[in-house]
2 protein chains.
Amino acid sequence: MKRRKTPTKEAVLEVLTKAGKAMSQDAIEQQISIDINRATIYRVLNRFCDDGVLHKIVAENGKQYFALCNDCEEQHNHDHFHFRCTQCETVECLPVEVNLAIPKGYLVENMNCVISGVCKTCV
Amino acid sequence: MKRRKTPTKEAVLEVLTKAGKAMSQDAIEQQISIDINRATIYRVLNRFCDDGVLHKIVAENGKQYFALCNDCEEQHNHDHFHFRCTQCETVECLPVEVNLAIPKGYLVENMNCVISGVCKTCV
DNA sequence: ATATTATTGCGATTCTATTGCAATAATAAA
DNA sequence: TTTATTATTGCAATAGAATCGCAATAATAT
Ligand SMILES: [Mn+2]
Ligand SMILES: [Mn+2]
Ligand SMILES: [Zn+2]
Ligand SMILES: [Zn+2]
């Protein structure tokens, strides 16, 4: 199934690029001028994740946030921490790698590390 | 509001102690012989979290898991990683501390670090 | 034994995210 | 350009997790 170029995809990507941080579906929808269905946005976001364009972060509030990938063409590689500000509700990718000594016998597939608190701006 | 000793609280704590790992509400409910309402279990779990008896982990599936605290009497202190097995759906506390260099100006309140993959048993 | 109020059960509700299906539109083929 | 193919979308329904309001219950103090 080849991907097609659509206004929705362009709009979503533009919003995320300009924001420079991770965003939730509803935050993205608010930033798009044209009306796009919620389900469509979710589908676009999930497709981007499948294609290595975006990556998904699940915060402690159980919500999903989406952010641009840096070097994830073939395989996702997100061994970095994220920060969620409880004041401005912002989620950002921190330039800090996650490196831990995983106990023997465990097979790692994914990482979801979110630190929460008050961000630099809100402090 | 002083806490009272109830069968529900005892049952929940017993299940979590015997399991020796983190559990979700529905998993806990299944392990309790007597019938306890879902909302009640959630309230008991959240109260335990408030009291520093349990701590809550939110996995990438958006679900909440609860595990016994080790040394969290006055203040929660959960700077350790967790592992969620995608095969047996188990969530466990890893004896591996999270230590990262947080960028200047950020105020850390909580950590939620979950590694997912296949656990030692399922590999 | 009685009073106080923390705890519980139940149903309703909130919130996030996904899914089925028909309609639409992007792209390829003629 | 016209036609065919099928990825994408809109809409409403659905799923799933967790919380909330309120009356009833029961643990603890008096
Ligand atoms: Mn990231
Ligand atoms: Mn833990
Ligand atoms: Zn902030
Ligand atoms: Zn396992």
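Here is the naming used below: chain letters follow the sequence lines, and residue numbers restart at 1 for every chain.
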**Report entry** Check: A/Y106 ring centre within less than 6.0 Å of B/F83 ring centre
**Finding:**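 Under 6.0 Å, so yes.
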For atom [atom1] of [X] and atom [atom2] of [N], their distance in whole Å:
X	N	atom1	atom2	result
B/Y65	D/dA17	OH	P	9 Å
A/N46	D/dA7	CG	C1'	16 Å
B/I41	D/dA18	CD1	P	12 Å

Report task. Check the pair B/L68 / B/L13 against side-chain contact (heavy atoms from CB on, under 4.5 Å), numbers first and verdict last. Result -> CA-CA 8 Å; B/L68 291 172; B/L13 220 48; 4.1 Å; yes
Requested in this report: Look at the side-chain N and O atoms of B/Y42 and state whether any lies under 4.0 Å from the OP1 or OP2 oxygen of D/dT19.
Outcome: no
Query raised in the report: Under 4.0 Å between a side-chain N/O of A/R47 and OP1 or OP2 of D/dT9, yes or no?
Result: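 So the side-chain polar atoms of A/R47 do come within 4.0 Å of the phosphate oxygens OP1 or OP2 of D/dT9, strictly under.
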**Report entry** Nucleic acid contacts - residues 8-34 of chain A versus DNA chain C, non-hydrogen atoms under 4.0 Å
**Finding:**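 Heavy-atom contacts with DNA chain C come from no residue of residues 8-34 of chain A; none.
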Requested in this report: Check whether any side-chain heavy atom of A/R3 lies under 4.5 Å from a side-chain heavy atom of A/K9, and answer yes or no.
Outcome: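 Yes, their side chains come closer than 4.5 Å.
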Query raised in the report: Side chains of A/Y65 and A/Q25: do they bring a donor and an acceptor to under 3.5 Å?
Result: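 Note: A/Y65 and A/Q25 side chains miss the donor-acceptor criterion.
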Query raised in the report: With a 3.5 Å cut-off and no angle check, do the side chains of B/N112 and B/K56 form a donor-acceptor pair?
Result: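 Short answer, no.
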Report task. From the options C/dG9, D/dG10, D/dA18, select the nucleotide whose nearest atom is closest to the side chain of B/N37. Result ->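 It is C/dG9.
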Query raised in the report: Among D/dG10, D/dG21, C/dT18, which is the nearest nucleotide to the side chain of A/K56?
Result: C/dT18
Query raised in the report: Reading nucleotides 23-30 of chain C from the 5' end, what letters show protein touch, with B for base, S for backbone sugar-phosphate only, - for no heavy atom under 4.0 Å?
Result: --BBS---
